[in-house]
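Only heavy atoms go into these numbers, but all of them, side chains included; no hydrogens, no water, no symmetry mates.
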Amino acid sequence: MIRPLPTLKERRDFLAMNKAARWVTDGFILQYKPNQGTNVQVGYTVSKKVGNAVVRNRVKRRLRALASRLLSSEEATMVLIGRAGAEKLDFPRLEKDLRWALRRLKQKMERT
């Protein structure tokens, strides 16, 4: 069993991530801020525009599963924002998109 990652819970933490680097995919938006020597922290959010409570909860579950598979070794604070249609994308596609977004954001951080 994969252990859940430490999560962001307070509004101020999510607001602070608005200034972070971001990458947009079909299923989610990834906000990324590296933390040197600190373990990963992840926040999840899905707005009401995505769908009703059942759909939003399904999208959040998929994002949590995705993050626990791929982000446990990161030293960063991240927020995954679910987008409309994320519940219809297959899981391997979401996984591929997250790997790509992480790679691109890390490259972007190295250049600045």
Side-chain angles (χ1 to χ4, degrees):
M1 183 176 155
I2 300 172
R3 293 187 331 187
L5 298 172
T7 58
L8 299 176
K9 292 188 172 42
E10 296 190 17
R11 185 173 190 270
R12 68 178 175 200
D13 296 332
F14 283 93
L15 292 176
M17 289 300 292
N18 283 334
K19 297 174 186 166
R22 67 183 67 220
W23 194 265
V24 179
T25 69
D26 291 336
F28 58 87
I29 299 170
L30 174 65
Q31 295 175 328
Y32 179 89
K33 188 184 326 179
N35 296 338
Q36 301 301 357
T38 307
N39 291 336
V40 65
Q41 287 184 305
V42 183
Y44 310 95
T45 184
V46 182
S47 78
K48 288 186 176 182
K49 292 178 186 177
V50 172
N52 63 19
V54 173
V55 172
R56 291 193 311 268
N57 288 334
R58 183 177 300 129
V59 171
K60 275 194 218 177
R61 279 194 308 270
R62 296 183 88 202
L63 292 176
R64 278 193 295 268
L66 188 63
S68 64
R69 283 180 91 175
L70 299 177
L71 302 179
S72 60
S73 64
E74 295 292 322
E75 292 182 350
T77 301
M78 292 170 267
V79 173
L80 286 164
I81 303 170
R83 297 184 70 199
E87 78 279 0
K88 294 177 185 156
L89 294 174
D90 60 342
F91 200 77
R93 166 76 189 276
L94 289 173
E95 190 173 345
K96 177 182 166 195
D97 286 349
L98 182 56
R99 287 181 197 277
W100 175 253
L102 279 172
R103 189 176 320 123
R104 295 296 298 186
L105 286 171
K106 286 178 183 178
Q107 288 174 354
K108 186 177 181 180
M109 292 291 166
E110 289 173 0
R111 285 183 280 191
T112 58

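- The CZ atom of R58 sits 10.5 Å away from atom NZ of K88, with the distance rounded to the nearest 0.5 Å.
- The hydrophobic cluster containing L89 does not contain I81, counting ILVMFWY residues as joined when their side-chain heavy atoms lie under 4.5 angstrom apart, directly or transitively.
- The shortest distance between side-chain heavy atoms of Y44 and V79 does not fall below 4.5 Å.
- Closest approach of R83 and T25 over heavy atoms only: NH1-O, 2.6 Å.
- Residues L105 and A21 share a closest heavy-atom pair of CD2-CB, 3.8 Å.
- V55 and F91 fall within a single hydrophobic cluster, where Ile, Leu, Val, Met, Phe, Trp and Tyr side chains are chained together by heavy-atom contacts under 4.5 Å.
- Of all heavy-atom pairs spanning S47 and R56, the tightest one is O-CD, 3.2 Å.
- Annotation: the span from Q41 atom CD to L8 atom CG amounts to 5.5 Å, rounded to 0.5 Å.
- Considering only heavy atoms from C-beta on, S72 comes within 4.5 Å of L5 through its side chain.
- Between the side chain of R64 and the main chain of V59, no donor-acceptor pair closer than 3.5 Å is present.
- Taking each heavy atom of A76 and P34 in turn, the nearest pair found is CB-CA, 3.9 Å.
- Scanning both residues, A86 and G27, for their nearest heavy atoms gives CB-O, 3.2 Å.
- With rounding to the nearest 0.5 angstrom, the CG atom of L94 is 11.0 Å from the CZ atom of R69.
- Residues F28 and L63 are in side-chain contact: their nearest non-hydrogen atoms beyond the backbone lie under 4.5 Å apart.
- Put simply, the side chain of V42 reaches to within 4.5 Å of the side chain of V40, judged on heavy atoms.
- Between the side chain of N52 and the backbone N or O of V54 there is at least one donor-acceptor pair closer than 3.5 Å.
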Starting from the C-alpha separation in whole Å, work towards a yes-or-no answer on side chain to side chain contact (heavy atoms under 4.5 Å, CB included) for N39 and E75. CA-CA 5 Å; N39 291 336; E75 292 182 350; 5.7 Å; no

In residues 95-104, what donor-acceptor pairs under 3.5 Å come from side-chain atoms, sequence neighbours left out?
| residue | atom | partner | partner atom | Å |
| --- | --- | --- | --- | --- |
| E95 | OE2 | R99 | NH2 | 2.9 |
| D97 | OD2 | R93 | NE | 3.3 |

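- Here the CG-CG distance, from L80 to L30, works out to 5.5 Å after rounding to the nearest 0.5 Å.
- The only option from T77, L71, L70 that meets the side-chain contact (heavy atoms from CB on, under 4.5 Å) definition with E74 turns out to be L71.
- Here the straight-line distance linking atom OH of Y32 with atom CZ of R22 works out to 15.5 Å at 0.5 Å rounding.
- Summarising the geometry of K33 relative to A20, their closest heavy-atom pair is CB-CB, 4.1 Å, with the distance given to 0.1 Å.
- Here the straight-line distance linking atom CE of M78 with atom CE of M17 works out to 8.0 Å at 0.5 Å rounding.
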